[in-house]
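From a predicted model like this one, the values you see are computed outputs, not experimental measurements. For this chain, numbers begin at 1 and follow the sequence in order. For ligands, and for the atoms within them, numbers begin at 1 and follow the listed sequence.
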Amino acid sequence: MTPLSQLKIRLAEIVDLHHASAIIGWDQQTYMPTGGGAARAEQSATLQKMTHERFTSEETGRLLDAAAFETAGLDPDSDETRLVTVTRRDYEKARKVPSELVAEIARATGQAIEVWTQARAQSDWAPFSPYLARIVDLQRQLADALGYADRPYDALLDQYEPEMKTAEVKAVFDAIKPDVIALVKAISTKAPPDGDAVLHREYDEQKQWNFGVDVIKRYGFDFDRGRQDRSVHPFTTSFSINDVRLTTRVDRNFLSPALFGTLHECGHGLYEQGFSQSLERTTLADGASLGMHESQSRLWENLVGRSKPFWKFFFPKLQAVFPDQLADQTLDSFYRAANTVSPSFIRVEADEVTYGLHIMLRFEMENELIEGQLKAADVPEAWNAKMQEFLGITPPTAAQGALQDVHWSSGLIGYFPTYQLGNLISLQLWDKINAAIPNLADQIEHGEFGALLQWLRVNLHQHGRKFTSPELLQRITGGGLNPAPYLKYLNTKFGEIYGL
Ligand code: ZN
């Protein structure tokens, strides 16, 4: 057997272990009784330890070396060559972090999440502050262990967005910020009296669920290779290219979580179902980066699901399901309600225009924390100052401010920017897609999504993580990150809705 074949077998077993972890993680958040928590934590830790040990072993390194030699003459873009180069990158990253540091981070975040949960419930920053200081210190150690050329944040960002640099993200965010702040200000003088009140009426939960499923079947989500279940926090996970799990939540008094949440997770799911079957049981069967993954969820949730053509097709259907709740609505009034812009405190509830500002705020603060310019104790004050600068509002409580997200207590520093990168990338792709499919709006108006999904499959999905996000952007758009399509989209769409 050649070294490449041996490597493939070894990696397939590692991928199997990884998917076994995903299955028990999915079960934990969907069907596991609360009593199962302690045992599940042990099971999860055991599987992850086994996966990590097997992957970082000398034997994996030896097979990678030999396989690199074996594939040296092949097409550099072939599955085989990419499997070796991408896995080599993962392997070196995983080996750079001392196991004591991994264990210390796990311990510190385990405690911090508990303290954060309490602190948020009581809306009191003080008890959480020393835990954040500890996490920042450990993340700084992690950045040093991983190594970086320019800024320590590069190393942390690279875990979620391989090969993307802080300087590039900063340049793009800085370019966007003044325009979006100006747009929010202009909109705030024009706010419609109704806002999104219609979305907060009473809607039968099962009917909401069925409507969402009907939409994502039309999007092309394959229920023979996936399913949808309920969870408290919606997420998407996969156990195989042919077994992709979506989760969603349903609120009887708010239409958006189930409707737009389902479309969002479906976008992630379509990406996972779209990897080439040749990548099954390899380390390449995953998204190129979190930002690229998020570009897919945002595309199907916002660019399609909050568009006028989409609602031309689906509003009469929704009205038929909820005739009493929507009797006083027109296509136009409902479309405006679904696109209400209003500065708010909570990121996950933010609209398309203000959402990016929530992310840019966290990106700036994370860099200041990691580089030591901002102390954990001063975070609430800094947070409020930035909220005032970006959105013109000040959170009345820490729970509605710096304590709202779980990420920092989980040690996820460098993760937030990927949400906004997803928005930016989705619009760069959208420009290309509309050039390739000139009557796309017309197709969407007729509930047809086949050509759109096919374009994404061919240009993006099939590759999995054979290419990095910057490489894919280069292949598809001929350039790097570009904020122009995003700004043009926001200004055009919301300028029209708000008559600016
Ligand atoms: Zn997402």
Side-chain angles (χ1 to χ4, degrees), residues 22 25-26 29-30 157 159-162 164 169 212 215-216 219-221 226-239 244-251 256-275 285-307 310 338 346-360 362-363 404-408 410 412-430 452-453 456 460-461 464-465 469 472-473 481 486 489:
W26 170 85
Q29 294 194 62
T30 49
L157 178 65
Q159 301 173 97
Y160 313 108
E161 206 62 33
M164 188 69 79
V169 175
V215 176
I216 65 175
Y219 272 6
F221 186 78
R227 51 178 287 138
Q228 179 178 260
D229 295 87
R230 285 194 185 218
S231 69
V232 178
H233 303 289
F235 65 96
T236 298
T237 187
S238 305
F239 313 146
V244 176
R245 306 302 178 97
L246 314 177
T247 70
T248 199
R249 60 181 159 179
V250 188
D251 181 339
S256 296
L259 176 58
F260 295 114
T262 300
L263 305 190
H264 180 101
E265 297 308 327
C266 173
H268 287 301
L270 289 170
Y271 192 9
E272 304 262 324
Q273 285 187 337
F275 303 145
D286 206 344
S289 72
L290 291 189
M292 194 54 78
H293 229 304
E294 196 68 4
S295 79
Q296 296 309 289
S297 55
R298 298 290 177 185
L299 187 149
W300 291 100
E301 176 196 358
N302 292 334
L303 308 188
V304 178
R306 290 183 204 263
S307 73
F310 176 94
I346 306 297
R347 172 185 63 86
V348 296
E349 293 165 7
D351 54 77
E352 275 185 274
V353 179
T354 58
Y355 188 89
L357 294 171
H358 287 269
I359 300 306
M360 292 186 247
R362 288 159 176 75
F363 172 72
Q404 65 181 268
D405 291 306
V406 71
H407 300 62
W408 288 347
S410 313
L412 296 175
I413 293 178
Y415 188 110
F416 276 120
T418 66
Y419 293 125
Q420 176 66 353
L421 291 174
N423 287 329
L424 294 169
I425 294 169
S426 74
L427 265 309
Q428 289 187 251
L429 298 176
W430 197 239
L452 171 58
L453 182 58
L456 291 167
L460 179 63
H461 295 175
R465 59 196 288 266
S469 164
L472 281 167
L473 268 179
L481 270 185
Y486 173 77
Y489 166 79

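- Coordination check, His293 versus the Zn ion (ligand 1): failed, since every N/O/S atom of the residue sits at 2.8 Å or beyond.
- Looking at His264, its N, O or S atom nearest to the Zn ion (ligand 1) turns out to be NE2.
- Annotation: cation-pi pair Arg306/Phe260 present, NZ/CZ under 6.0 Å from the ring centroid and within 45° of its normal.
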- Task: May I have the step-by-step check of side chain to side chain contact (heavy atoms under 4.5 Å, CB included) for Arg362 and Arg347, ending in yes or no?
- Result: CA-CA 10 Å; Arg362 288 159 176 75; Arg347 172 185 63 86; 3.6 Å; yes
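- Ring centroids of Tyr489 and Trp430 are separated by 6.0 Å or more, keeping the two rings apart.
- Using a 4.0 Å cut-off between charged side-chain N and carboxylate O, Arg227 and Asp229 make a salt bridge.
- Of all N, O or S atoms in Glu294, the one lying closest to the Zn ion (ligand 1) is OE1.
- In His268, the N, O or S atom that comes nearest to the Zn ion (ligand 1) is NE2.
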